[in-house]
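Lettering follows sequence order; numbering is per chain, from 1. FYI, side chains are in, hydrogens and waters are out, and symmetry mates aren't considered; it's all heavy atoms of this structure.
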2 protein chains.
Amino acid sequence: MRLSTKGRYAVTAMLDLALHSEDGPVTLADISAKQGISLSYLEQLFALLRAKQLVRGVRGPGGGYYLGRPADEISIADIICAVDEWVEFTRCSGKEDCRDGERCLTHSLWNELSERIYRFLTDISLADMVERDEVREVAGKQEDDLVEPPRKASGRAA
Amino acid sequence: MRLSTKGRYAVTAMLDLALHSEDGPVTLADISAKQGISLSYLEQLFALLRAKQLVRGVRGPGGGYYLGRPADEISIADIICAVDEWVEFTRCSGKEDCRDGERCLTHSLWNELSERIYRFLTDISLADMVERDEVREVAGKQEDDLVEPPRKASGRAA
DNA sequence: TCAAATACCAAGTAAAGCACTCGGTATTTA
DNA sequence: TAAATACCGAGTGCTTTACTTGGTATTTGA
């Protein structure tokens, strides 16, 4: 997997759609201005999103983009996969026969980790994020009840 | 943040240390052979890990690397941050004053998401992964009791 | 009917990062 | 003293990122 600024651009742009497409489609020019990224680059990202049917374009003046399906049916993982391409995780995962068994041990561990990350991102929908923001606006900065620290491990590295 | 093969190399290498450094230090030549990545590239990764004191090198014949601290005090986030550099998440996070407030809305949402991902990775230590693997070896492929699907959002994209 | 606004498309580009090579130096063990 | 290791820096080909340029297709509305 890859989780970088490209995915961030896509996610924030999709959030924009989720927040504003009630009063008509949102133009890329709008998003470009708001987020400060190039229009053509956005077009390229949206071409990828459209290919996965995460957005729907409307041409002509007054046109723009809508979400391709309801916001609660689009996960963060969907978006990131669409633009970043979900690259292979391990070199030997499944198919390739690992010689010494040793090698596959750490690989299977990493495999499990990435599976957990994937599931984590799959379980967060655009609707979740919008809703969460609205809740916060009303109730005022409620603390993190969704992720409670389950166990040990160190703090942020220097 | 960035979550790619470079981070994977570092994590699997650290897992190797966690698993094998009881009988002496682990050499990079070993890891290089096992994981099939270049020795010099490993050296560069370990230079970064060493800078963050996640590993400790021992020179001379019979030398190699130990973990810099106990495995339960090293999180996956620590490792990935060390090699991948935790790049800025939002352009305006905190310091830069966002003009219309609009822009900062999606930014704060993304900010929260990335914070959750970070916490998620922080909460998994090397010891957790090793322990989990041992448990699985003994008890035989126990299912995912650590991550239960909390709510909606769609499945894996085509 | 025509100009403007939008989506859509393809090619190219500079800079950065990735994974690697090469050629060393420093330190420790046997 | 030779070998094995960590440690170090410069350079290289490739891919990706973020962007630019220059279009075409479609729809609105004046």
When hydrophobic residues are tied together by side-chain contacts of less than 4.5 Å, even through go-betweens, does A:Tyr66 share a cluster with A:Leu45?
-> no
Euclidean distance, atom CG of residue A:Leu42 to atom P of D:dT21 [Å, nearest integer] | 16 Å
Shared hydrophobic cluster, B:Leu39 / B:Met14 (ILVMFWY, side-chain heavy atoms < 4.5 Å) = yes
Looking for any heavy atom pair under 4.0 Å, which part of the strands does A:Thr27 touch: base, sugar-phosphate only, or nothing?
-> sugar-phosphate
In whole Å, what is the span from the CG atom of A:Leu28 to the P atom of D:dC19?
-> 14 Å
Decide yes or no, distance alone: a donor-acceptor N/O pair under 3.5 angstrom between the base of D:dT21 and the side-chain of A:Ser40.
-> yes
Quantified as the angle between the terminal helix axes (five pairs each), what is the overall bend of the helix from C:dT1-D:dA30 to C:dA30-D:dT1 to 10 degrees?
-> 10°
Taking atom C1' of D:dA6 as reference, at what distance in whole Å does atom CZ of B:Arg56 sit?
-> 13 Å
Taking C:dC8, D:dC7, C:dC20 as options, the one with an atom nearest any side-chain atom of A:Arg59 is C:dC8
Run the numbers on A:Tyr118 and A:Cys81 for side chain to side chain contact (heavy atoms under 4.5 Å, CB included), then give the verdict.
-> CA-CA 10 Å; A:Tyr118 180 82; A:Cys81 286; 4.0 Å; yes
Rounding to a whole Å, what distance do you find between B:Leu49:CG and D:dC7:C1'?
-> 14 Å
B:Phe46 CZ to D:dT5 P, in whole Å, measures 15 Å
Candidate nucleotides D:dC19, C:dC8, D:dT17, ranked by approach to the side chain of A:Glu43 - the nearest = C:dC8
Between atom CG in B:Leu45 and atom C1' in D:dA6, what is the gap in whole Å?
-> 15 Å
Using atom types as modelled and distance alone, determine if a side-chain donor or acceptor of B:Thr12 lies under 3.5 Å from a backbone N or O of B:Tyr9.
-> yes
Under 3.5 Å donor-acceptor pair, B:Gln44 side-chain atoms to D:dC8 base atoms | no
Is it true that B:Asp78 and B:Arg69 make a salt bridge, defined as a side-chain N closer than 4.0 Å to a carboxylate O?
-> yes
Single-linkage hydrophobic cluster A:Tyr41~A:Val26, side-chain heavy atoms < 4.5 angstrom = yes
Which class fits the ring pair A:Phe46 and A:Tyr65: parallel under 30°, tilted 30 to 60°, perpendicular over 60°?
-> tilted
Phosphate OP1/OP2 of C:dA19 contacted by B:Tyr41 side-chain N/O (<4.0 Å) | yes
Taking for each residue the nucleotide of DNA chain C with the nearest heavy atom, is it A:Ala47 or A:Gly62 whose nucleotide lies nearer the 5' end?
-> A:Gly62
Ignoring the backbone of B:Pro61, work out which of C:dT28, C:dC20, D:dT27 is nearest its side chain.
-> C:dT28
Upstream residue (5' side of DNA chain D) when A:Ser38 and A:Lys6 are each assigned their closest nucleotide | A:Lys6
Distance in angstrom units between B:Asp84 CG and C:dA16 P, rounded | 17 Å
Just how far, in rounded Å, is P of C:dC22 from CG of B:Leu39?
-> 12 Å
